[in-house]
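A short write-up of the structure that comes next.
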Amino acid sequence: MTARLESLTQQRLEKLAKLRSRGVDPYPRRYQRSHTAQQAAALFQESEGKGGSLPPVSVAGRIMTHRFMGKAAFLDIRDGSGKIQGYFRVDQIGEAKYELLKELDIGDFVGVTGSLFRTHTGEITVKATDFVLLSKSLLPLPEKWHGLVDVEKRYRQRYLDLIANPEVKSTFLARSKLVSGLRRLLDERGFVEVETPILQDMAGGASARPFITHHLALDRDLYLRIATELHLKRLIIGGFDKVYEIGRVFRNEGIDFKHNPEFTTMESYEAYADYNDVMQMVETLVSSLAQQVLGSHQGKWGEQTIDFTPPWPRITLRDAIKKYSGIDFEDCPDESSLREAMARINLVAPDLRGRGKLIDKLLSAHVEPQLVQPTFLLDYPVEMSPLAKRKPDDPRLVERFEAFAGGMEIANAFTELNDPVDQRQRFEDQARLRKELGDEEAEVADDDFLEAMEYGMPPTGGLGMGIDRLVMLFTNQSSIREVVLFPQLKSRNKEE
RNA sequence: GGGCCGGUAGCUCAGUGGUAGAGCACCUGACUUUUAAUCAGGGUGUCCGGGGUCCGAAUCCCCGCCGGCUCACCA
């Protein structure tokens with residue numbers, strides 16, 4: 001801590017000692033408040049028209065600003081519901097109490113009792129008859145006018161960000177609303193919410209590198225899940241016809257404005273449904289959520305407006321790539337011919353191996369950024385989708401779609417592969433990718449899952465949605481760090 | 001991981017080689033309806049860290065740490 005900050009804290013510690021010496025407990029146990037700031041204001045507004053007198057109220061919160069004027073003072077007090085002003089006069093609370101008031105600082109918590117009135121300037125205010133210190137603060141809050149701007153500090157000390165920047169709090173309230181709304185919508189549709197293991201023997205269900213941890217008693221490495229898919233499908237096999245999980249998954253990849261190493265997904269699986277059913281569900285869910293969170297089917301996205309009203313346009317992956325890059329990947333049946341075609345449009349990816357990865361590259365480079373309005377891309381090459389069922393008329397493609405909006409992928413879904421013989425073959429193909437092309441993200445074979453499928457799995461439509469990105473879309477935030485309360489940052493400690 | 005930009009008071013920022021600054025916050029005093037209260041006075045600092053150049057470095061050079069943007073990879 002710097003010398004200067006220490007002296008500020010020292011001042012506050014001295015005030016604290018002074019308060020204690022006058023018999024004040026700076027950290028009392030509880031406070032009986034009668035109203036939140038918002039409730040108190042509402043109470044006053046309701047009674048205002050009718051006349052008559054109101055009983056006194058007790059409110060509590062953090063002192064945000066104060067204006068002392070000799071023998072009277074105004075304090076702005078903020079609680080979780082909002083802000084209310086307190087008015088303190090020597091002749092109302094007495095000399096002794098008024099002296100104590102002067103020992104309070106911005107940042108302290110207080111409880112204030114008094115009657116509600118409106119000041120000359122029109123602000124609803126508690127005229128204090130008494131107050132009590134609820135908690136003394138020792139560190140100064142960020143400045144009231146400019147707030148807290150330093151991005152690093154905002155993320156590392158999110159509590160200060162929440163205190164200083166009200167719009168940050170509203171972003172996370174929107175997130176909470178979205179998640180609870182999603183849960184309610186799924187419950188209403190008869191989906192059962194479940195929880196599956198985060199610590200796993202092997203991390204499957206997606207292409208990504210996992211985090212490794214170690215179990216001491218078992219003396220073996222375990223992986224943090226990269227998806228909930230394979231366990232949820234086991235539950236479909238076990239007889240849950242509609243299941244979902246909203247949960248954290250972990251991927252050991254780079255960190256940037258779209259990626260946090262831990263993020264939240266919603267995956268759902270519905271027996272007897274296919275990807276067409278799921279597509280309809282996605283557009284219905286997202287547009288209802290927009291209605292619930294934004295109060296409209298439309299949302300601002302930078303300079304643009306995104307309209308979530310269903311139905312969303314549906315275009316095959318092949319046509320989309322053809323449209324935005326000019327390349328028809330059907331004309332390039334193997335990796336080298338596709339690589340050549342891509343080189344002709346100056347898209348080189350020397351680090352990528354395999355035709356599937358190259359198609360994915362075309363998608364992310366040329367198509368994805370164009371898809372601002374909600375759009376479904378369908379029918380992906382089988383080599384990109386080892387867990388999806390093939391198209392009946394074209395075994396090179398699978399019944400898979402991804403939903404895009406705001407230039408980001410927000411959902412990924414398919415008719416689930418339920419043919420155990422084909423699934424085993426696909427795992428083997430993935431193992432070959434891993435071995436021959438060094439693709440560390442290739443799907444790992446999960447024999448236990450295969451065995452489950454061999455007992456018989458009904459036709460199933462599965463879905464994965466990125467909750468963080470949905471929140472970004474709904475709150476018009478361009479960085480995932482703005483929708484994750486405590487995003488991952490490098491350690492500030494210099495020790496290795 | 002690469003490139004670019006940034007790190008100065010508690011907060012927000014100015015300061016391109018010559019005595020470290022402003023506003024807010026804080027401290028002292030005045031003020032009984034203020035609200036970015038006002039008025040008078042007070043600057044409280046590891047200029048991110050470590051080296052180097054120079055008579056002299058917040059400023060120039062090198063190395064490192066942290067962050068932002070961007071590219072690569074991923075969702």
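In the text below, chain A, chain B and the rest are named by the order of the sequence lines, each starting its count at 1. Both backbone and side-chain heavy atoms feed into the values below; hydrogens, waters and symmetry mates do not.
- For the P atom pair drawn from B:G64 and B:G2, the interatomic distance equals 10 Å after rounding to whole Å.
- Using a 3.5 Å distance cut-off with no hydrogens or angles, the side chains of A:Glu399 and A:Thr415 do pair a donor with an acceptor.
- Taking the P atoms as reference points, B:G15 lies 15 Å from B:A9, given to the whole Å.
- At a cut-off of 3.5 Å, with distance as the only test, no side-chain donor of A:Asp91 or A:Tyr98 sits close to an acceptor on the other residue.
- The P atoms of B:U46 and B:A58 are separated by 14 Å, rounded to the nearest whole Å.
- Remark: B:G1 base-pairs with B:C71; criterion is Watson-Crick or G-U wobble with both hydrogen-bond distances under 3.5 Å.
- Here B:C11 is the nucleotide among B:C11, B:A25, B:U33 with the atom lying nearest to any side-chain atom of A:Lys153.
- Remark: B:A9 base-pairs with no nucleotide; criterion is Watson-Crick or G-U wobble with both hydrogen-bond distances under 3.5 Å.
- Residue A:Lys83 is classed as having no contact, given no heavy-atom separation below 4.0 Å to the nucleic acid.
- Heavy atoms of A:Phe117 sit under 4.0 angstrom from at least one base atom.
- As rounded to the nearest Å, B:G21 and B:C54 have C1' atoms that lie 25 Å from one another.
- Taking atom C1' on both nucleotides, B:G17 is separated from B:G29 by 42 Å, rounded to a whole Å.
- For the pair A:Lys144 and B:C24, the criterion of a side-chain N or O lying under 4.0 Å from OP1 or OP2 is not met.
- Using a 4.5 Å heavy-atom threshold, the side chains of A:Phe427 and A:Leu387 count as touching.
- Using a 4.0 Å heavy-atom criterion, one finds that A:Phe68 contacts the bases of the nucleic acid, with or without backbone contacts as well.
- B:U12 sits 22 Å from B:U16 when the C1' atoms are compared, rounded to a whole Å.
- Residue A:Gly147 is classed as a sugar-phosphate contact, given heavy-atom separations below 4.0 Å to backbone atoms only.
- Using a 4.0 Å heavy-atom criterion, one finds that A:Glu409 contacts the sugar-phosphate atoms exclusively.
- Counting non-hydrogen atoms under 4.0 angstrom, A:Leu489 reaches the backbone sugars and phosphates but no base.
- Comparing B:C73, B:C11, B:A37 against the side chain of A:Glu143 picks out B:C11 as the nearest.
- A:Thr265 comes within contact range of no nucleotide atom at all, as no heavy-atom separation falls under 4.0 Å.
- Among the protein residues, A:Asn260 comes within range of the nucleic acid bases, having at least one heavy atom under 4.0 Å from a base atom.
- Residue side chain A:His146 fails the stacking definition with respect to B:U12, as its ring centre and the base's six-membered ring centre are not both under 5.5 angstrom apart and under 30 degrees in plane angle.
- Nucleotides B:C66 and B:C61 are separated by 22 Å at their P atoms, to the nearest Å.
- With both pairing distances under 3.5 Å, B:C39 is matched to B:G29 as a Watson-Crick or G-U wobble pair.
- A side-chain donor from one of A:Glu245 and A:Thr196 sits under 3.5 Å from a side-chain acceptor of the other.
- With C1' as the reference atom, B:U34 and B:U44 are 28 Å apart, rounded to whole Å.
- Nucleic acid contact class of A:Asp150 (heavy atoms, under 4.0 Å, all strands): sugar-phosphate only.
- For B:C60, the paired base is B:G52 (Watson-Crick or G-U wobble, both distances below 3.5 Å).
- In this structure, the nucleotide among B:C66, B:U33, B:G68 sitting nearest to the side chain of A:Val151 is B:G68.
- A donor atom on one side chain and an acceptor atom on the other are found under 3.5 Å apart for A:Tyr380 and A:Glu402.
- Salt bridge absent: A:Arg426 and A:Asp429 never bring a charged side-chain N and a carboxylate O closer than 4.0 Å.
- A:Arg481 comes within 4.0 angstrom of sugar-phosphate atoms only, judged by non-hydrogen atoms across all strands, and of no base.
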